[in-house]
Amino acid sequence: MSEIKFNDETLAMVQSIIKRYPEGKQKSALLPLLHLAQAEFNGWLSSPVMDYVASLLNIKPVEVYEVASFYSMYNLKPVGKCLLEVCRTSSCWLRGANEIVEHIENKLGIKDGETTADGKFTLKTVECLGSCGTAPMLQLGADFHENLTFEKVDALISEWSNKAEHSKYLDIDTFRKN
Amino acid sequence: MSKKILLEHINVPGINTLAVYREKGGYASVEKALKTMAPDAIVEEVKKSGLRGRGGAGFPTGMKWSFLAKPEGVARYLVCNADESEPGTFKDRYLMEKIPHLLIEGMITSSFALGANSSYIYVRGEYFYIIKILEKAIADAYEAGWLGKNILGTGYDLDLYVQAGAGAYICGEETALLESLEGKRGNPRIKPPFPAIAGLYGCPTVVNNVETIAAVVPIVNNGGDWYAGIGIGKSTGTKLISASGHINKPGVYEIEMGITVEDFIYSEEYCGGIKNGKKLKAVVAGGSSVPILPAEMILTTASGEKRLMSYESLADGGFATGTMLGSGGFIVMDETTSIVQNLHTFARFYHHESCGQCSPCREGTGWMEKILHKILDGHGTIQDVDLLWEIQRKIEGNTICPLGDAAAWPVASAIRHFRHEFEEYVKNPAVIKEVKHYHNMHNLATA
């Protein structure tokens with residue numbers, strides 16, 4: 001990996017976020033910064049990336065590792081360009097989440113947690129995403145795809161098969177600039 | 001007709017914008033509170049209203065506010081718990097998405113009442129699109145002078161920030177949320193001290209749910225007595241219920257406390273009955289952590305009265321024949337549903353979401369999931385069902401935070417009310433293949 005450094009716009013956002021907390025409490029910015037890092041560095045957090053985030057907050061790298069390994073939204077190994085996160089908890093299960101997962105597995109030739117050989121798709125089952133009323137659902141990037149059918153899933157896979165870019169679960173505009 | 005207070009203007013086009021929200025009377029509570037009320041008077045109105053925390057625990061909000069320590073020269077904080085992650089619960093998401101200024105208005109009025117000059121809304125990370133909506137609404141509120149320095153020329157300053165979580169259910173527990181907001185793992189703290197004494201950065205802090213804070217707006221506008229006059233008994237006001245599962249009309253409904261459960265499930269105004277004309281089998285009334293009840297028990301109390309949508313009526317009978325209102329996450333299951341399989345989804349959830357700090361929870365949730373998996377895989381024994389019962393008993397009440405209880409109660413209630421189903425799986429493994437929702441769980445064995 002080339003030198004790890006946020007682009008200028010993200011760096012400005014980092015400074016803006018740190019100012020949200022009292023002086024000396026800059027560690028509070030860790031979760032938002034890890035989201036920014038994951039978004040900017042190919043969808044996952046390598047050790048050098050986490051070390052870089054630690055340096056920005058003037059905290060020890062291990063403080064970043066212990067946080068990154070605790071929260072399920074941080075990927076500690078590479079993921080495909082398109083990360084399909086399918087909810088499988090009660091309400092989604094009641095409305096066919098397992099069948100959706102099976103359908104994706106069959107279509108992509110991968111199992112839960114795996115990435116296709118071409119690095120295009122990763123399938124991940126996740127716990128409740130708060131879309132119980134519009135179940136079954138999956139999250140792709142920042143977008144919730146709800147009331148899923150096999151046809152909707154097929155269309156999504158088809159769309160993303162032709163894309164070169166990484167699905168971004170976060171863009172910098174998510175955060176208010178102040 | 002349903003009583004709408006929080007969702008009164010939800011279908012007004014553009015209500016998510018400041019301009020339309022203002023046209024509908026938005027921010028009146030801020031004006032009234034900051035210009036005409038002393039902070040303690042607001043706390044008194046909230047006390048009078050009987051409002052109870054809408055996140056699940058149902059603790060009286062005004063009382064919680066009155067516990068806040070006020071040492072001189074020490075910052076105080078209001079933190080909004082928008083880490084909505086309880087399976088079956090999606091009401092706060094709806095509120096924030098459709099009418100974000102209601103929450104922001106509630107945050108300003110509540111922060112003023114509590115003497116907080118910096119407040120945070122902690123939103124579950126998966127709701128990034130909600131974060132975007134809130135950030136935009138906050139920016140507009142700053143620009144209009146509802147936030148920032150010297151609000152309305154009253155000398156009151158408030159900064160409001162959104163914090164993104166990162167996918168940990170445990171961060172819905174208030175002390176774990178504070179740890180997370182401080183940039184740490186979401187490990188719950190031992191209480192006492194309670195956040196009202198030592199919360200965010202060791203300072204006095206109130207943590208309230210989204211719906212709770214939103215409800216402060218109409219309470220300040222109309223008075224605590226007005227709010228207390230809505231609902232039934234100690235279940236005052238309205239409640240947002242998120243309904244899902246085998247019903248014709250899943251969605252978020254605002255109900256006046258005290259309507260019957262039967263009405264809620266079967267009337268066209270709410271859930272519209274069971275999907276495909278099937279029979280009702282069971283309901284989880286308040287999110288995954290509350291006891292599941294069979295149809296007859298959710299519709300009728302042990303004394304034969306119609307069960308009501310209220311804290312007291314749902315809890316009538318204790319855990320023997322009752323349940324809890326909880327977060328209002330209302331999951332309906334029809335006659336085809338396998339209770340054992342549904343329970344497995346809950347057990348897997350709690351195992352996955354346990355922070356790992358307390359042994360009974362860390363180990364117990366894992367064992368419950370494994371035993372359920374064994375039963376569902378056709379290798380269970382009657383002893384396994386008994387073991388499941390014993391494990392949940394050893395978790396309940398033996399952990400720092402309520403996640404242990406939340407993991408134990410669904411297991412206890414499922415065995416209590418549906419033991420015959422577990423025994424059927426054990427005695428006749430072939431039944432597993434006949435159950436509609438059965439899924440090959442090959443990848444769970446190694447999870």
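Letters A, B, ... are given to chains in the order of the sequence lines, protein chains preceding strands, and every chain is numbered from 1.
Interface remark: D171(A) contributes side-chain atoms only to the contact with chain B (heavy atom separation under 4.5 Å). Of the two parts of L160(B), only the backbone, made up of N, CA, C and O, holds a non-hydrogen atom closer than 4.5 Å to a non-hydrogen atom of chain A. Only the backbone of T89(B) has a heavy atom closer than 4.5 Å to any heavy atom of chain A. Only the side chain of K275(B) comes within less than 4.5 Å of a heavy atom of chain A; its backbone N, CA, C and O stay farther away. Looking at Q163(B), the atoms closer than 4.5 Å to chain A (heavy atoms on both sides) all sit in the side chain, from C-beta outward. Only the side chain of Y120(B) comes within less than 4.5 Å of a heavy atom of chain A; its backbone N, CA, C and O stay farther away. With a 4.5 angstrom heavy-atom cutoff, E84(B) does not touch chain A via any of its atoms. Using a 4.5 Å cut-off between heavy atoms, N342(B) contacts chain A through both its backbone and its side chain. The contact between V332(B) and chain A is made entirely by backbone atoms, counting heavy-atom distances below 4.5 Å. Heavy-atom distances place the side chain of Y77(B), and not its backbone, under 4.5 Å from chain A. Contact annotation for S85(B): only backbone heavy atoms (N, CA, C, O) come within less than 4.5 Å of a heavy atom of chain A. Residue F346(B) touches chain A through its side chain alone, counting heavy-atom pairs closer than 4.5 Å. For chain A, the nearby part of I170(B) is the side chain; its heavy atoms alone come within less than 4.5 Å. For chain A, the nearby parts of C355(B) are the backbone and the side chain; heavy atoms of each come within less than 4.5 Å. Both the backbone and the side chain of Y21(A) have a heavy atom closer than 4.5 Å to some heavy atom of chain B. At a 4.5 Å heavy-atom cutoff, the contact between I331(B) and chain A is made by side-chain atoms alone.
Residues of residues 152-161 of chain A having a heavy atom under 4.5 Å from any heavy atom of chain B: none. Contacts from residues 25-39 of chain A to chain B, taken as heavy-atom pairs separated by less than 4.5 Å, involve K25(A), K27(A), S28(A), L30(A), L31(A), P32(A), H35(A) in sequence order. For a heavy-atom cut-off of 4.5 Å, chain B lies close to E66(A), V67(A), S69(A), F70(A), Y71(A), S72(A), M73(A), Y74(A) in residues 58-79 of chain A.
Counting heavy atoms from C-beta on, the side chains of W93(A) and Q341(B) come closer than 4.5 Å. Between R88(A) and R348(B) there is a side-chain heavy-atom pair separated by less than 4.5 Å. With contacts defined as side-chain heavy-atom distances shorter than 4.5 Å, the pair R93(B)/S131(A) qualifies. Inter-residue side-chain proximity for R124(B) and L129(A) is flagged as met; some heavy-atom pair is nearer than 4.5 Å.
Taking chain A as the reference chain and counting heavy-atom pairs below 4.5 Å, the highest number among A243(B), A166(B), P87(B), P250(B) is found for A166(B). Chosen from L181(B), V284(B), L343(B), the residue pairing most often with chain A at heavy-atom distances under 4.5 Å is L181(B). Counting heavy-atom pairs under 4.5 Å between each of G113(A), G141(A), P22(A) and chain B puts P22(A) at the top. By number of non-hydrogen pairs under 4.5 angstrom with chain A, the leading residue of S242(B), G165(B), G356(B) is G165(B). Residue with the most contacts toward chain A among A75(B), G329(B), S180(B): S180(B) (heavy-atom pairs, distance under 4.5 Å). Taking chain A as the reference chain and counting heavy-atom pairs below 4.5 Å, the highest number among Y169(B), Y129(B), F90(B) is found for F90(B). Top candidate by heavy-atom pairs under 4.5 Å with chain A, chosen from H352(B), E182(B), M333(B), is E182(B).
Atoms CZ and OH, from F175(A) and Y161(B) in turn, are 14.5 Å apart once rounded to the nearest 0.5 Å. How far CG of L170(A) is from NZ of K132(B): 8.5 Å, rounded to the nearest 0.5 Å.
Within the 3.5 Å criterion, the main-chain N or O of K136(B) finds no donor-acceptor partner in the side chain of R176(A). For R20(A) (side chain) and V162(B) (main-chain N/O), a donor-acceptor pair under 3.5 Å exists by modelled atom type.
The two residues F349(B) and E127(A) come nearest to each other via the heavy atoms CD1-CB, 3.5 Å. Here the closest heavy-atom approach between residue G88(B) and residue C128(A) is recorded as N-SG, 4.2 Å.
Within a 6.0 Å sphere centred on CD of E165(A), heavy atoms belonging to other residues, nucleotides or ligands number more than 12.
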Working for side chain to side chain contact (heavy atoms under 4.5 Å, CB included), residues Q139(A) and F128(B): CA-CA 11 Å; Q139(A) 184 166 19; F128(B) 266 125; 5.5 Å; no

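Looking at residues two or more places apart in sequence or on another chain, you find a side-chain hydrogen bond (donor to acceptor under 3.5 Å, both in side chains) between D118(A) and T116(A).
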